[in-house]
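As the structure lists them, so they are numbered: ligands from 1, and atoms in each ligand from 1. What you see below is based on every heavy atom in this structure, not just the backbone, and it leaves out hydrogens, waters and symmetry mates. The residues of the chain are indexed from 1 along the displayed sequence.
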Amino acid sequence: MNAINKEPARSEDIRALDAEHHLHPFTDTHALNAKGARVIERAEGVYLWDSEGNRIIDGMAGLWCVNIGYGRKELAEAAYTQMNQLPYYNTFFQTTTSPATQLAKELAVLTPGDLNHIFFANSGSEAIDTVIRMVRRYWEVMGKPWRKTLIARNNAYHGSTIGGTSLGGMGAMHNQGGPFLPGIEHIRQPYWYGEADGQSPETFALTCAQALEEKILEVGPDNVAAFVGEPIQGAGGVIVPPEGYWAEIQKICRKYDILLVADEVICGFGRTGNWFGSQTLDIKPDLISMAKGLSSGYQPISAVAVGERVASALIEKGGEFYHGFTYSGHPVAAAVALENLRILREEKIIEQVRDVTGPYLQQQLRERLGNHPLVGHIEGVGLIAGMALAQDKAQHKLFDSNLDVGTICRNHCFANGLIMRACGNRMVLSPPLVITKAEIDEMLDKALLCLDLTVASLKEMGVTLGS
Ligand SMILES: *Cc1c(COP(=O)(O)O)cnc(C)c1O
């Protein structure tokens, strides 16, 4: 193309250009180009429309982020107003802006405990990179620069920058583009259904938490800076740790004086029925990373909330912290996030998740899908849920990952007007927080249909299933 086409493009043209020039994230471009990308054109509430006019119910809130749903004009107006008044200014030059300052105040109030200081970035990955540098810097300031090691978990997702990939525990990511950051260790994940090997949830919770203590002792307690975990693992397949896990993790962190970081990029802003997953799971973190739901995805913005312990050391004794981004505290993104928080608060959307739609989704999922022959186990809280697909449910036999059963199911969903994501052999749901009971019913009707279609596909492929 030697000119930018100003005519509204037809979807075949968009697909052709997309194939020619666009490298998609987390995508096999060759495979995508063979069939062409689906063009999403507009959205309202919990629904998307593609360029063929199909209406799709978005069971993933975009990528776990469109918490207030699509089409809220107030956010567009907040962006428009701010862009006209001050589209950009930085916060490096001893300068600030009203939206960045107000948002910092608002987040200090909403976050639990004494997390009263806010550092802004633009994505979850950048927030995680900020965490890595900030906790290491904290220990330097405290006169223990040897405390460098961060401990995270296998199958954790902490973003896709070099820092996020290193800290995350995704094997497939670690197989590409290394070497990764030194000073990062991983322990087992608290995935009871998949990895407990017959242990009760209570015992397994302790076994997994004790893996942290073992790792600390292996690395040397005086070398460990922080432990980082998602309150509920998201991209790992929505894994809710068994009762007792976080209490034990926190006990161990306190015992060895190790900072605790909650990566709330998915759990934050109402997903679990409270403002933060830390409140739902009773975690008292020293730092929280947040992104996605902070602006409901209407603008890219992220933040790290910092508790008194780290903030006061950095402020009183740290001098200049050589870290930040051109768009840290971007005024337009901050104005949009503020409007998003106002809507979440004034419309009592999170209370609705906690008291009505969250319990309804969890109950209906178990009642309607729990007995399906493919569904081995369902877990979740609020409006986030994951289910393990099992080849033989009674025998607790999971599918071979080469079969890619999750993708088979996901493709049926896509073809039938539902976005339900596959994370390996786990199907996950994380709809906009404004979803109604009737829309939950519709979402689960489609999910059930697609599970049946998956069974049919597997039979056609000659895969034997349990009774
Ligand atoms: C999505 C996600 C990230 C990365 O956020 P990006 O905005 O994609 O960089 C980090 N941590 C968790 C828990 C996430 O779910």
Side-chain angles (χ1 to χ4, degrees), residues 24-27 60-67 119-135 150 152-170 172-174 177 180-181 184 186 189-191 226-241 246 260-272 276-278 280-281 283 285 287-305 325 327-328 330 333 336-337 340 380-386 421-424 426 428-431:
H24 290 238
F26 284 92
T27 296
M60 282 305 296
L63 260 178
W64 329 78
C65 56
V66 187
N67 289 12
F119 194 103
F120 288 113
N122 310 288
S123 67
S125 302
E126 287 178 4
I128 284 294
D129 281 31
T130 299
V131 162
I132 294 170
R133 297 201 67 210
M134 192 182 276
V135 300
L150 288 97
R153 300 172 299 178
N154 296 333
N155 199 36
Y157 188 75
H158 296 300
S160 175
T161 51
I162 196 82
T165 303
S166 303
L167 190 65
M170 296 284 175
M173 291 174 75
H174 288 174
F180 297 99
L181 288 187
I184 290 177
H186 295 92
Q189 60 174 335
Y191 180 21
F227 174 74
V228 184
E230 305 155 78
I232 291 170
Q233 285 159 260
V238 182
I239 292 164
V240 183
W246 275 111
L260 177 62
V261 184
D263 184 356
E264 294 257 15
V265 170
I266 286 176
C267 293
F269 305 100
R271 180 57 56 199
T272 68
F276 290 92
S278 291
T280 304
L281 286 107
I283 306 168
L287 296 98
I288 286 179
S289 50
M290 61 187 86
K292 300 189 169 116
L294 168 55
S295 65
S296 283
Y298 282 59
Q299 282 285 288
I301 183 167
S302 68
V304 178
F325 306 98
Y327 300 137
S328 285
H330 193 290
V336 169
N340 174 57
V381 58
L383 287 179
I384 185 168
R421 184 177 176 187
C423 300
R426 295 177 62 78
V428 305
L429 287 169
S430 170

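Each of R426, Q233, R153 was evaluated against Y191; a single residue qualifies, R426, per the side-chain hydrogen bond (donor to acceptor under 3.5 Å, both in side chains) test.
Note: R271 CZ to T280 OG1 = 12.0 Å, rounded to the nearest 0.5 Å.
No side-chain donor-acceptor contact under 3.5 Å links H330 to the backbone of A121.
Around ligand 1 you find S123, G124, S125, Y157, H158, G159, E230, D263, V265, I266, K292, each with a heavy-atom distance below 4.0 Å.
Taking the six-membered ring for Trp and thresholds of 30 and 60 degrees, F26 and Y157 have ring planes more than 60 degrees apart, a perpendicular arrangement.
Counting only N and O atoms by type, the side chains of N340 and S295 include no donor and acceptor under 3.5 Å apart.
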>> side chain to side chain contact (heavy atoms under 4.5 Å, CB included), that's the test. Do M290 and V265 meet it? Break it down for me.
In response: CA-CA 4 Å; M290 61 187 86; V265 170; 5.6 Å; no
